[in-house]
2 protein chains.
Amino acid sequence: MDIKMLCLGALSLGDATGYDIKKLFDEAFSHFFAAGYGSIYPALEKLTEEGKVAYDRHQQEKRPDKKVFSITAAGREVFIAELTQTPPREKLRSEFLVLMFFAHLLSPPRLAEILQERLDESQRELAMLEDLTKREMPAGMKFTVHYALAATHAAIVCIKEHQQDLLRDARVIVNQCARPKSPGEQHA
Amino acid sequence: MDIKMLCLGALSLGDATGYDIKKLFDEAFSHFFAAGYGSIYPALEKLTEEGKVAYDRHQQEKRPDKKVFSITAAGREVFIAELTQTPPREKLRSEFLVLMFFAHLLSPPRLAEILQERLDESQRELAMLEDLTKREMPAGMKFTVHYALAATHAAIVCIKEHQQDLLRDARVIVNQCARPKSPGEQHA
DNA sequence: TAATCCATGTAATAGGTTACATGATTCC
DNA sequence: GGAATCATGTAACCTATTACATGGATTA
């Protein structure tokens, strides 16, 4: 399951330009898959070569020409076959948790900043997801929003719960390091 | 923040072989960063060239030689500098949610299978994380476990809540498609 | 006796990110 | 007047995955 397949999926919902597909990645897909123009346009080119999509050139008066892509019958078949054999994996890559794992190496103000930034970001995501719940969509799509909402909410609660304790601990550790060592404590 | 930095982080906790570091990735890091031997060994090689780590060769009688890596003073500095300037991002890549997003293209049995597999996998993760909570560790590390626990738990609850509804909807849609179309409904 | 643990690595490839390059239009 | 929207793409680079290759020791 790569960006090519997600583009095919996007086109299974209706015809679109590369630009449109990017918007889909930024909105509907954003909480579970990321892509930029640098991957989307080459992906569409390869799919075209493979006969899985085709495009019509739409001339516009006051805009550059558009390439409006559609999925072909072959493309739809390949996409459904792919869905049928893709295992339902999930992989998180969290720089935030790396920072927290090594929190004992951070200064207390930096730690406070990290927690606050993540909290703010999570709250922005929450707002975006709550906005999405208002749109009409099939049950499966709706589920992805609920799922992301639940995870984001849980994250926010967890950060708020531990924030004070983590910062208190950080200050204590800094104080211990600042205090001159008594003899025999070097190899503690 | 790449695998090189995570290796440096691992060595900031104590000397280790490439093999040991892999175990750390599979246990303590597993819920927020992934890596295999194919990335760890080259990373350690580059870090050695850059003077951020060094190794001692330990001969063993009944085993192949070990390379025991240690972080250098320079390496520790670089690592802390990196921690200080890394933004606390978080990125999910979920094939599971892609499948759910396109659930309307799946057969009901396949959909049921996907939900069950994800549930089982989440429950395995939950068990692993609960096991980790029993170990003694600094507050920051403990937090990463609580955070992952909260997210995984929320995911499980969410799947259980929607499982029945999703499957019911899927059956309805299949029935609609199976039913012969009445005239004039082709372009609905 | 089969699987798992210990222990190291390479090579080919896939895959994606980032920055660059262009340019009119419309909204604030 | 400046930012955002619409619209397309390329090229260099970096990173990581996968499969391969080896092999003794221990545990079930």
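Labels below follow one simple rule: chain letters A, B, ... track the order of the sequence lines, proteins then strands, and each chain is numbered from 1.
- For the pair A:Leu47 CG and C:dG15 P, the computed distance is 12 Å after rounding to whole Å.
- The residues A:Asp26 and A:Lys23 are annotated as not salt-bridged, no charged nitrogen and carboxylate oxygen being separated by less than 4.0 angstrom.
- Taking the six-membered ring for Trp and the full ring otherwise, A:Phe96 and B:Tyr147 have centroids separated by under 6.0 Å.
- Phosphate proximity of C:dA14 to A:Lys46: absent, as no side-chain N or O sits under 4.0 Å from OP1 or OP2.
- The nearest whole Å value for the distance from the NZ atom in A:Lys22 to the C1' atom in C:dG16 is 14 Å.
- A salt bridge does not link A:Asp120 with A:Arg124: none of the charged nitrogens is closer than 4.0 Å to a carboxylate oxygen.
- Rounded to an integer number of Å, the gap from NE2 of B:His58 to P of C:dC6 is 17 Å.
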Contact state string [nucleotides 7-12 of chain C, B base, S sugar-phosphate only, - no protein heavy atom under 4.0 Å]: BBBB--
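- One interatomic measurement links the two molecules: CD1 of B:Ile3 to C1' of C:dG15, which rounds to 14 Å at whole-angstrom precision.
- Within the helix from C:dT1-D:dA28 to C:dC28-D:dG1, the inter-axis angle between the opening and closing five-pair segments is 70°, rounded to 10°.
- Across the protein-nucleic acid pair, B:Ile40 atom CD1 and D:dT18 atom P stand 14 Å apart, rounded to whole Å.
- In this entry the distance linking CG of A:Asp56 with C1' of D:dT8 reads 17 Å, nearest Å.
- Residues passing the ring pair (Phe, Tyr, Trp, His ring centres under 6.0 Å) test with B:Phe33, sequence neighbours excluded: none.
- The cationic atom of A:Lys52 (NZ for Lys, CZ for Arg) does not lie both less than 6.0 Å from the six-membered ring centre of A:Phe79 and within 45° of the ring axis.
- The phosphate of D:dT17 has OP1 or OP2 within less than 4.0 Å of a side-chain N or O from B:Ser39.
- In this structure, the side chains of B:Met5 and B:Leu83 stay at 4.5 Å or more apart for every pair of heavy atoms.
- Between A:Arg110 and A:Glu113 there is a salt bridge, since at least one side-chain N of the basic residue sits less than 4.0 Å from a carboxylate O of the acidic one.
- Note: CE (A:Met5) to P (C:dA14) measures 14 Å, nearest angstrom.
- Criterion: ILVMFWY side-chain heavy atoms under 4.5 Å apart, direct or through other members. Under it, B:Ile80 and A:Phe102 are part of a common hydrophobic cluster.
- Look at A:Glu49 and A:Lys46 and you find no salt bridge, because none of the NZ, NE, NH1 or NH2 atoms lies under 4.0 Å from a carboxylate O.
- Remark: P of C:dG15 and CG of A:Leu6 are 13 Å apart, rounded to the nearest angstrom.
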